[in-house]
Amino acid sequence: MFEKAVSLACAHLPALGFGVGLRRPHYSQVLEQHPPMDWFEVISENFMVPGGQPLKVLEGIRERYPVVFHGVSLSIGSTDPIRRGYLKSLASLARRFEPAWISDHLCWTGVGGRSLHDLLPLPYTDETLRHVVQRVRIVQEILGQPILLENVSSYFEFANATMSEWNFLATVAEEADCAILLDINNIFVSAFNHRFDPRVYIDAIPIGRVGQFHLAGHSDHGGYLLDTHDHPIREEVWRLYEQAVRRFGPVSTLIEWDDNIPEFSRLAAVADEARQRARTALG
Amino acid sequence: MRLKQLQRLIYAGITTPDGSVDGRLYRSVAERALRGDVGLPAARRLQIYTEAYFLRLLSCLREDFPATSTVLGDARFEALARSYIAHHPPTEPSIDHAGRHFPTFLRDHSILLDFPFVAELARLDQAITEVFIAPDSPVLDADEMRKLAPEAWPTLVLRTHPASRMLECEWRVGDVRRAIDNATPWRNPHRERTVLLVWRNQMDVYFRELEPAESAALRVASEGAAFCVICETLARAHFGEDPAEAINRLLGRWLADGVLAVCDLRAQRAATRCPQRR
Ligand SMILES: [Fe+2]
């Protein structure tokens with residue numbers, strides 16, 4: 001049923017190719033040497049500042065590369081009122097830098113006016129579904145464009161959940177008409193932590209909705225996997241990525257690396273590996 | 001349980017200190033709202049978030065207060081961070097604001113018995129971070145100034161740049177931060193009243209101790225003041241040096257450093273040239 005649905009949200013999203021998350025240790029190298037890279041993803045909040053170096057850096061990057069905004073504090077699933085001030089400054093940043101799209105996470109980050117600065121999973125119930133769908137519509141209205149919502153990695157699930165995360169994500173995207181940023185590593189991490197088959201997750205996501213992939217490394221803590229973005233991508237995650245490429249096609253792919261950040265050239269090599277693997281997967 | 005209650009419960013379970021009675025209570029209720037298994041019980045799953053919450057905020061505070069955290073050392077800084085976060089839990093969407101009450105928190109803390117200068121040092125750390133991302137605004141430089149007729153100078157209104165701060169200190173905390181920035185051993189600072197100027201030139205942030213007369217003049221300029229008023233202030237406060245020379249020398253330095261803002265100058269020129277315009 002989902003495969004046939006026409007996705008309005010994804011229709012305008014360009015295929016950007018293979019990019020990496022822009023991180024501080026690489027700012028000067030990218031600005032001065034302009035290494036080849038299809039595109040960069042930046043953390044929106046890092047640039048939602050009054051002035052100074054961050055905005056100057058983004059200006060320089062934007063002159064040469066396509067850029068996508070990736071937020072971490074939209075808190076789409078919170079029961080607190082939507083932060084209109086936050087959205088307004090995000091919208092004005094977007095007007096200035098014209099990102100190819102704006103994404104954030106399908107999660108909540110705080111409640112009662114307090115912030116946990118973390119991406120927490122939601123209880124996947126009808127109540128939550130109605131709540132999130134309504135908020136996505138409001139956010140898209142304020143931003144004047146569809147957003148992409150990313151599946152988070154998680155360590156607990158709610159006892160009152162009545163549907164799976166993949167059903168919840170797919171239904172939110174369909175009903176709110178937003179796109180999906182599918183984080184392949186997050187699916188793998190959550191699958192291990194919650195004992196489900198990651199391939200089932202991928203097969204349940206509607207094809208026309210996926211506008212971007214994330215790939216990253218995680219760390220093994222024995223009883224659970226932690227989404228640390230500080231390791232190379234594991235072979236099992238690459239395999240899952242290949243499955244996703246076969247299902248969703250040549251979707252824009254991004255490498256995330258947030259800790260123990262390697263040299264830029266090594267990061268670029270990982271983006272190239274994604275390019276190779278996608279090419280092979282597509283035959 | 002409704003979504004709102006669930007979120008409040010999980011929030012309390014994650015943030016309430018582990019050892020407290022409340023912490024244990026919230027946790028046991030939160031655990032029942034969650035699903036766990038033998039491999040990873042609900043309690044342990046919740047704890048992953050509790051640990052991440054503190055560690056994330058700790059590393060943010062460490063980054064924003066590099067000199068303060070170095071001076072206090074890991075164990076002391078961690079304990080203070082824990083207590084600070086409990087008193088001032090983050091409320092803003094961006095984690096960059098998490099440490100905004102930290103200097104005032106230290107000012108009322110018993111840590112001052114052992115490190116009497118540390119609240120001022122934290123304020124300096126904070127000012128450096130603030131100035132780094134303060135609003136952009138055109139600076140007044142020597143060329144801009146020279147374009148003006150000399151008779152226009154006295155009434156010219158000058159203002160310190162929005163990307164600058166003046167800090168009144170009891171201790172020479174600039175010496176401590178300087179030593180730590182240079183990765184050299186730091187010493188307890190001398191107790192001496194100083195005024196620190198933190199400013200941005202191009203994209204880099206600097207700070208220095210101001211001369212007494214200079215700080216008086218810049219304080220006047222921080223509210224926006226006519227050039228003649230700034231000169232008078234300098235002349236009144238200055239001893240030993242010829243006032244005209246002092247003004248020349250300091251103005252030259254302010255213009256070179258980009259400490260003064262240009263906005264009022266533009267407005268004035270627009271007004272004198274074409275009064276009808278907007
Ligand atoms: Fe991700």
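Convention: sequence-line order gives letters A, B, ...; per-chain numbering from 1.
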Q: For each of B/Leu57, B/Asp37, B/Val131, B/Thr15, tally heavy-atom pairs with chain A at distances under 4.5 Å, and name the one with the top tally.
A: B/Asp37
Q) Taking B/Leu6, B/Leu40, B/Ile95 one by one, which has the highest count of heavy-atom pairs under 4.5 Å against chain A? A) B/Ile95
Q.
Is it the case that the side chain of B/Asp136 and the backbone of A/Gly51 share a donor-acceptor pair, with hydrogens and angles ignored and the cut-off at 3.5 Å?
A. no
Q: Mind ranking B/Lys4, B/Met203, B/Gln7, B/Arg35 by heavy-atom pairs under 4.5 Å with chain A and telling me who comes out on top?
A: B/Gln7
Q: For A/His105, check ring pair (Phe, Tyr, Trp, His ring centres under 6.0 Å) against everything at least two apart and list the hits.
A: A/His70
(Q) Hydrogens and angles aside, do B/Ser94 and A/Glu45 bring a side-chain donor and acceptor to less than 3.5 Å of each other? (A) no
**Q.** Shortest non-hydrogen separation from A/Pro50 to B/Ala134 and the atoms involved
**A.** CB-C, 4.0 Å
(Q) Can you tell me which portion of A/Leu226 sits under 4.5 Å from chain B's heavy atoms? Options are side chain, backbone, both or neither. (A) side chain
Q: Tell me, for A/Glu157 versus chain B, whether the close heavy atoms (under 4.5 Å) come from the side chain, the backbone, both or neither.
A: both
Q) More than 12 non-hydrogen atoms from neighbouring residues, nucleotides or ligands closer than 6.0 Å to NE2 on B/His87, yes or no? A) no
Q) Any residues in residues 184-198 of chain A near chain B, with a heavy-atom distance under 4.5 Å, and which are they? A) A/Asn193, A/His194, A/Arg195
Q) Can you tell me if CZ on A/Arg62 sees more than 12 non-hydrogen neighbours from other groups inside 6.0 Å? A) yes
Q.
Can you tell me if A/Arg64 has over 12 outside heavy atoms packed within less than 6.0 Å of its CZ?
A. no
Q: Check whether any side-chain heavy atom of A/Leu120 sits under 4.5 Å from a side-chain heavy atom of B/Tyr49, and report yes or no.
A: yes
Q | Contact listing (chain B partner; residues 107-117 of chain A; heavy atom under 4.5 Å) | A | A/Trp108, A/Val111, A/Gly112, A/Gly113, A/Arg114, A/Ser115, A/Leu116, A/His117
Q | Proximal component of B/Asp204, with respect to chain A [non-hydrogen, under 4.5 Å] | A | neither
**Q.** Spacing of CD1 belonging to B/Ile133 relative to CE belonging to A/Met48, to within rounding of 0.5 Å
**A.** 12.0 Å
Q. If contact means a heavy atom pair closer than 4.5 Å, which residues of residues 41-48 of chain B contact chain A?
A. B/Arg44, B/Arg45, B/Leu46, B/Ile48
Q. Do B/Ile10 and A/Phe158 pass the side chain to side chain contact (heavy atoms under 4.5 Å, CB included) test, and can you show the C-alpha distance, the side-chain angles, and the key distance before you say yes or no?
A. CA-CA 10 Å; B/Ile10 297 296; A/Phe158 286 90; 3.8 Å; yes
Q: Counting only heavy atoms closer than 4.5 Å, note whether B/Arg56 contacts chain A via side chain, backbone, both or neither.
A: side chain
Q.
If you count heavy-atom pairs within less than 4.5 Å of chain B, which of A/Ser154, A/Ser78, A/Gly223 leads?
A. A/Ser78
Q | Top contributor to chain A interface from B/Arg8, B/Glu92, B/Arg200, B/Arg2 [non-hydrogen pairs under 4.5 Å] | A | B/Arg2
Q) Can you tell me how far OG1 of A/Thr128 sits from CG of B/Leu3, rounded to the nearest 0.5 angstrom? A) 4.5 Å
**Q.** Interface moiety of A/His221 toward chain B, non-hydrogen atoms closer than 4.5 Å
**A.** neither
Q.
Please classify the contact between A/Phe156 and chain B as side chain, backbone, both or neither, with a heavy-atom cut-off of under 4.5 Å.
A. both
